[in-house]
Amino acid sequence: METKNKISGGEILMRSLVEEGVDTIFGYPGGAIMPVFDALFDYDKHLNHILTRHEQGAVHAAQGYARVSGKVGVCLVTSGPAATNAITGISDAMLDSTPLVVITGQVVASLLGTDAFQEIDVVGITQPVTKWSYQIRRAEDVAWAVARAFYIARSGRPGPVVLDFAKNAQVQETNFEYKPCTFIRSYIPVPEMKPEQIELAASLINNAKKPYALVGQGVVLGNAEPELKKFLEKADIPAAWTLLGASAMPTDFRLNKGMLGMHGNVAPNMKTNECDVLIAIGMRFDDRVTGDLNTYAKQAKIIHIDIDAAEINKNVTVDAPILGTTKEVLPALTAKIHTAQHSEWIDSFNEYEEKEFEKVILREVFPTSGELTMGEVIHKVSEATNHSAICVTDVGQNQMMGARYFKFSQTRSLITSGGLGTMGFGLPAAIGAKMGAPDRTVCVFSGDGGFQMTIQELGTIMQEQLGIKMIILNNHFLGMVRQWQEMFFDERYSFTEMLNPDFVTIAKGYRIEGTEIRKREELNDAITDMLKDDKPYLLVVNVEKKGMVYPMIPAGTCVTNILLGD
């Protein structure tokens with residue numbers, strides 16, 4: 001698209017966003033970005049701006065939007081403290097490979113370096129936590145920078161990009177011409193898949209007696225869920241998933257054996273050290289998955305499929321690396337592997353599953369007495385939504401319980417903060433998730449601590465009338481920290497017990513309906529009331545104060561050193 005009439009840099013930004021197919025922006029106006037917001041005023045039919053109540057909330061909302069929709073999330077904030085408020089979300093997106101374009105305001109170029117009002121070195125601060133960070137100082141560079149930003153954010157291994165937009169460039173006028181970016185010299189987003197790598201991996205799989213797949217978020221980011229299923233089914237390979245790989249396979253898929261990691265299921269962790277071929281698909285061997293690297297899967301030949309060469313041999317030395325997208329690699333590998341059956345190997349998971357059900361799940365999900373538990377609340381909400389809702393979590397015990405006990409029937413259904421583990425992520429991420437999938441039910445589970453970190457986003461939910469179902473699992477503690485204090489610090493509960501406000505009354509102040517329950521017999525009716533329509537609703541469930549998340553592998557120990565509680 002090209003125009004001969006000169007327009008401002010602010011309007012060029014708007015037109016460039018429209019050219020990139022953007023329909024939703026999350027942001028917060030201020031002095032150094034005001035010309036851009038003025039231009040946005042005339043683009044309200046093309047660009048829906050969601051006014052969050054904090055810049056961190058804007059970035060987390062954009063993350064939720066991106067993770068659910070598969071599009072690039074977009075944020076628009078001002079300079080100085082607004083930009084620094086956005087850093088947590090940007091860092092979170094970097095660690096979780098979430099595509100974002102974050103546009104920050106900046107003082108006029110002539111004042112750069114003078115410590116002008118609300119000036120901060122945004123590029124310097126954000127370079128370590130972005131794929132690309134660039135300062136726009138001229139209106140002529142706006143369209144070029146936007147095209148490049150979206151290409152970098154969405155291509156290869158996705159991630160966040162920051163454009164720091166000097167105020168003079170926002171008001172300067174120039175001609176507009178938009179050229180989508182499809183190539184950057186020295187940037188190779190998708191490595192070439194090598195046939196010899198496929199042949200080696202296929203040979204290992206064809207000769208395996210106990211093959212085992214670990215499924216990461218790379219399958220979801222690559223839109224390779226159908227290809228994954230065909231691959232697993234052809235060679236009859238049981239599979240487990242990382243936290244961010246959740247919902248890449250339906251919960252009821254025959255070969256889905258559950259969650260890996262510190263609070264994952266027993267069988268997936270134990271079988272890591274029993275398999276003979278381990279196939280890692282779009283995952284990065286995070287320390288919460290591997291535990292002690294000196295004892296991790298030493299008996300197995302390891303195949304690692306990843307788009308990012310930096311992840312290969314970073315934590316775990318592998319025998320057969322395959323660089324490429326999951327969408328491309330999995331069909332190529334499927335074509336080379338033999339049709340097989342591994343019934344005895346798959347059946348060997350049953351003993352561990354039965355033990356976990358008896359020792360943990362019965363107690364956590366199906367209690368018959370005592371206080372309400374997190375697990376039973378999450379299980380009942382999942383059932384009430386026919387396992388078709390989007391589950392958003394905050395961070396802590398609620399997060400692990402949500403991943404363990406919410407069930408998934410379709411992909412992109414668990415939205416959580418993985419690598420950074422950001423408390424306060426849940427509520428604003430749920431806003432983005434609902435904007436990205438307005439026809440789906442969005443349920444966000446938070447602890448009483450994390451909910452209060454971004455509680456102001458109730459204002460955004462009120463203003464947009466977003467039908468988000470908010471469930472606070474209230475144990476009056478910073479639950480996960482308390483669990484560690486109980487297990488490893490002699491029950492010295494240093495500053496983890498919380499005196500909480502009346503959350504329902506606060507929600508009513510935001511014109512949001514809600515209720516609070518304490519008894520098991522109240523739970524079913526409360527969930528029914530919450531889900532009866534598509535209006536926002538807050539359900540506060542008082543759960544056991546000193547509940548524990550089991551199983552648990554103590555940090556830094558062998559994955560088979562798994563604790564089941566009393």
Side-chain angles (χ1 to χ4, degrees), residues 1-20 22 25 27-41 43 47 55 58-59 72 74-87 90 100-153 159-181 183-187:
M1 181 179 180
E2 184 177 2
T3 177
K4 298 299 183 183
N5 298 321
K6 290 186 176 183
I7 58 175
S8 71
E11 186 171 356
I12 289 173
L13 175 62
M14 295 302 107
R15 293 195 184 187
S16 299
L17 294 177
V18 171
E19 289 284 338
E20 286 291 341
V22 175
I25 303 173
Y28 204 102
I33 199 69
M34 206 172 295
V36 170
F37 271 88
D38 184 66
L40 178 60
F41 190 82
Y43 281 78
L47 299 167
E55 292 87 0
V59 185
V72 177
V74 180
C75 297
L76 185 60
V77 302
T78 194
S79 64
T84 57
N85 282 344
I87 300 298
I90 294 168
L100 299 182
V101 171
V102 179
I103 302 151
T104 61
Q106 184 55 276
V107 301
V108 297
S110 61
L111 290 179
L112 288 169
T114 68
D115 294 331
F117 179 65
Q118 292 192 333
E119 180 196 358
I120 199 73
D121 183 3
V122 173
V123 172
I125 291 172
T126 58
Q127 275 184 332
V129 292
T130 55
K131 287 186 73 177
W132 186 51
S133 186
Y134 180 78
Q135 189 171 74
I136 303 172
R137 300 185 182 185
R138 305 185 312 158
E140 293 90 337
D141 297 331
V142 175
W144 171 87
V146 171
R148 191 179 178 97
F150 274 85
Y151 176 62
I152 292 172
V161 169
V162 167
L163 295 178
D164 192 40
F165 200 175
K167 194 170 184 179
N168 62 288
Q170 300 172 34
V171 297
Q172 288 172 355
E173 293 189 346
T174 190
N175 294 325
F176 172 67
E177 181 180 6
Y178 197 79
K179 295 180 180 179
C181 181
F183 172 78
I184 298 173
R185 189 177 63 182
S186 80
Y187 173 56

Taking all non-hydrogen atoms of both residues, which atom of [X] and which atom of [Y] are closest, and how far apart?
X      : Y      : answer
Thr126 : Ser133 : OG1-OG, 2.7 Å
Phe176 : Ser16  : CE1-OG, 3.6 Å
Val142 : Gly9   : CG1-O, 3.9 Å
Pro160 : Val129 : CG-O, 3.6 Å
Ala58  : Cys75  : O-SG, 3.4 Å
Cys181 : Ala147 : CB-O, 3.4 Å

Does [X] reach the main-chain N or O of [Y] with its side chain, forming a donor-acceptor pair under 3.5 Å?
X      : Y      : answer
Tyr178 : Leu17  : no
Asn85  : Pro81  : yes
Thr78  : Gly105 : no
Ser79  : Gln118 : yes
Lys131 : Gly159 : no

Requested in this report: List in chain and number order the residues that pass side-chain contact (heavy atoms from CB on, under 4.5 Å) with Val108, two or more places apart in sequence or in another chain; answer none if no residue qualifies.
Outcome: Ser110, Leu111, Lys167, Asn168
Query raised in the report: Ile125: what forms a side-chain contact (heavy atoms from CB on, under 4.5 Å) with it, not counting sequence neighbours?
Result: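 Here the qualifying residues are Thr84, Ile87, Ile120.
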Query raised in the report: Any chance CZ of Phe150 has more than 12 other-residue heavy atoms, nucleotides or ligands included, within less than 6.0 Å?
Result: yes
Can you confirm whether [X] sits close enough to [Y] that some side-chain heavy atom of one is under 4.5 Å from a side-chain heavy atom of the other?
X      : Y      : value
Thr130 : Val161 : no
Gln170 : Leu13  : no
Arg137 : Leu112 : yes
Glu140 : Gln172 : yes
Glu20  : Val72  : no
Val18  : Leu47  : yes
Ile103 : Val36  : no

Report task. To the nearest 0.5 Å, tell me how far Gln106 CD sits from Leu163 CG. Result -> 12.5 Å
Report task. State the OG1-CD distance between Thr104 and Gln135, to the nearest 0.5 angstrom. Result -> 8.5 Å
Query raised in the report: What pairs with Glu55 under salt bridge (Lys or Arg N to Asp or Glu O under 4.0 Å), at least two apart in sequence or on another chain?
Result: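 Once residues adjacent in sequence are excluded, Glu55 has no partner under the salt bridge (Lys or Arg N to Asp or Glu O under 4.0 Å) criterion.
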Query - Counterpart residues, salt bridge (Lys or Arg N to Asp or Glu O under 4.0 Å), relative to Glu119 (two or more places apart) - result: none
**Report entry** Qualifying residues under ring pair (Phe, Tyr, Trp, His ring centres under 6.0 Å), relative to Tyr134, sequence neighbours excluded
**Finding:** Trp132, Trp144
Report summary line: Residues at least two apart in sequence or cross-chain that pass ring pair (Phe, Tyr, Trp, His ring centres under 6.0 Å) with Phe117, listed by chain then number, are none
